[in-house]
Amino acid sequence: MDWQESIEEDIRLADEIRKGSSEAEACLCEKYRPKIFYFARTKAGYTAAEDICQDTITALLGAVRNGRIRNPEKLFSYVYQIYRNKLADYWRRTGKEMSLECVEKKIPSQAHQEEVDMEFRQALMEGWRELRLPDKRLLYLKYVKGMRYEEIAGILNMTVEVARKRAQRAKERIRSKLK
Amino acid sequence: MENFVDYCKIMEDDLIEKYLLGELSPDEEEIIEKHCFGCNQCFQRLREIEAIILALKEEAKRGKLTFEEPLTLNPPFHLLERVRSYITSPVFAAAMAILVIVLIYPAWRGMVSMSKLETTLKELRQPQVNVQSYSLQQTRAGEKVQIVQIPVMGRQPFLLHFNILEETIPNPRYAGEILNQQGKVIWRGENLKGLGEYEIFTISGNTQFFEEGVYTLRVYEINPEDNNVVDEFEFFFKMAK
């Protein structure tokens with residue numbers, strides 16, 4: 001579904017929800033829940049993400065039912081704003097301040113290991129085995145060791161731009177195995 | 001309405017990666033996240049790249065990441081990858097474009113010239129079916145004979161045939177020359193050969209080299225032992241429009 005189709009779907013669902021359609025409500029939840037959960041998990045962790053997601057969905061449906069969404073074509077932006085508000089509420093409730101220094105890395109080390117299932121790992125390793133040695137080293141230094149491209153370029157004796165492009169192509173090669 | 005569609009163009013893996021590794025400012029992160037709320041494709045790509053990075057870390061922890069060269073990749077693929085990394089350079093692309101032009105232009109010229117050469121060769125190989133033949137009558141000084149008229153029509157090949165009726169000495173050598181009406185020698189042949197049972201001599205010419213007027217073909221009978229002229233014969237023809 002492309003961008004325009006997504007907006008048209010939002011407009012249609014908002015209209016149907018105002019008319020009392022429970023099916024439309026389920027569709028809207030199904031559409032935005034994964035996104036809310038994903039971003040909430042990266043910011044606040046797996047457990048908190050459930051609460052934040054639920055609060056956001058509840059607030060969203062209430063707003064749509066009561067006709068408070070004036071521009072349905074901007075529904076995604078409204079959902080995001082609700083999510084951000086609920087996230088801020090969470091931080092206030094837990095006593096934590098969300099500052100630049102406290103922002104964790106977006107990839108939690110253990111939060112969703114279970115989501116990376118065996119089939120995915122096998123496909124990924126198949127892609128890994130087909131990579132050339134410089135590409136393997138590049139991905140290892142970047143994602144396992146957490147180095148910057150400037151450092152990697154110096155180690156592997158290539159320019160920063162080449163390092164970026166090779167990393168991108170290597171990931172594309174792995175992604176082709178995942179599909 | 002904000003044109004978030006344009007963000008799809010900047011949501012390259014590089015930017016997604018920076019987001020995943022926490023290398024963006026909070027404002028930049030907000031832009032990425034808001035876009036993903038509206039764009040399913042970019043959100044999906046974000047999740048895929050995250051999964052790849054996660055899985056790589058996990059496999060590295062397990063010691064599963066090996067650093068052996070693959071056995072199945074073909075050498076041309078490696079070369080293609082290397083070439084591809086250079087092709088993106090604008091300077092390299094410009095240099096290649098110039099090189100192609102420099103190489104193609106002479107080749108193109110060669111092909112054009114070759115076509116002309118081929119046309120010329122074809123003309124030379126093809127038998128001339130429209131060649132006029134003219135038999136010249138031998139004369140001696142003072143004799144009057146009917147002069148053969150050869151029409152001058154631009155570039156037209158023709159053949160002049162003549163026969164030497166008498167030989168003064170056995171096995172002579174024959175030489176010839178053509179003189180224009182001013183007496184100037186315009187052609188000379190040192191060793192004329194007769195063909196066939198009747199020893200018919202043939203000289204080929206092209207009308208484009210002749211102006212209007214009467215020409216004399218003078219043939220010399222030469223003693224091959226001392227190269228002295230023992231006899232001479234004249235044949236006349238006229239070029240006329």
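Only a predicted model underlies this, so the values are computations on that prediction, with no experimental measurement involved. Below, chain A is the first sequence line, B the second, and so on; all start at residue 1.
Under a cut-off of 6.0 angstrom, the local environment of CD in B/E212 is crowded, with over 12 non-hydrogen atoms contributed by other residues, nucleotides or ligands. No more than 12 heavy atoms of other residues, nucleotides or ligands sit less than 6.0 Å from atom CD of B/E211. With a 6.0 Å radius and a threshold of 12 heavy atoms from other residues, nucleotides or ligands, A/E150 has its CD atom above the threshold. Within a 6.0 Å sphere centred on CG of B/N227, other residues, nucleotides and ligands contribute more than 12 heavy atoms.
Side-chain atoms of B/E29 and A/K43, non-hydrogen and from C-beta on, do get closer than 4.5 Å to each other. A 4.5 Å side-chain heavy-atom check between B/L21 and A/K142 finds at least one atom pair inside the cut-off. By the 4.5 Å heavy-atom criterion applied to side chains, B/E17 and A/Q168 are not counted as neighbours. A/Y143 has its side chain out of reach of B/I49: every pair of non-hydrogen atoms, C-beta onward, lies at least 4.5 Å apart. At least one side-chain heavy atom of A/F39 sits less than 4.5 Å from a side-chain heavy atom of B/C36.
Listed by first and then second residue, the salt bridge (Lys or Arg N to Asp or Glu O under 4.0 Å) pairs involving residues 47-66 of chain A are A/E25-A/R65, A/R33-A/E50 (not counting sequence neighbours).
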Given salt bridge (charged side-chain N to carboxylate O under 4.0 Å, His left out), test B/E50 with A/R41 step by step and report yes or no. CA-CA 13 Å; B/E50 184 195 44; A/R41 184 200 64 203; 3.2 Å; yes
How far apart are the C-alpha atoms of A/R148 and B/E23, what are their side-chain angles, what is the distance that settles it, and do they pass the salt bridge (charged side-chain N to carboxylate O under 4.0 Å, His left out) test? CA-CA 10 Å; A/R148 294 179 296 115; B/E23 294 173 3; over 6 Å; no
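Here the closest non-hydrogen pair linking A/K171 and B/I52 is O-CD1, 4.0 Å. The two residues A/L124 and B/L56 come nearest to each other via the heavy atoms CD2-CD2, 4.1 Å. Between B/G38 and A/S6, the shortest heavy-atom contact is O-OG, 3.5 Å.
Within the model, atoms OH of A/Y140 and CD of B/E59 stand 13.0 Å from one another, a figure rounded to the nearest 0.5 Å. A distance of 13.0 Å separates NE2 in B/H35 from OG in A/S77, rounded to the nearest 0.5 Å. Taking CD from B/E33 and CG from A/L87, the interatomic distance works out to 8.5 Å, rounded to the nearest 0.5 Å.
A/I36 touches chain B through backbone and side chain together, each having a heavy atom under 4.5 Å away. Interface remark: A/R137 contributes backbone and side-chain atoms alike to the contact with chain B (heavy atom separation under 4.5 Å). For chain B, the nearby part of A/M125 is the side chain; its heavy atoms alone come within less than 4.5 Å.
Checked options A/K35, A/E5, A/K31; the residue passing with B/N40 is A/K35 (criterion: side chain to side chain donor-acceptor pair (under 3.5 Å)).
Residues A/F76 and B/F37 place their aromatic rings such that the two centres sit no closer than 6.0 Å.
Chain B forms more heavy-atom pairs under 4.5 Å with one residue of A/L139, A/N71, A/D10, A/V144 than with any other, namely A/V144.
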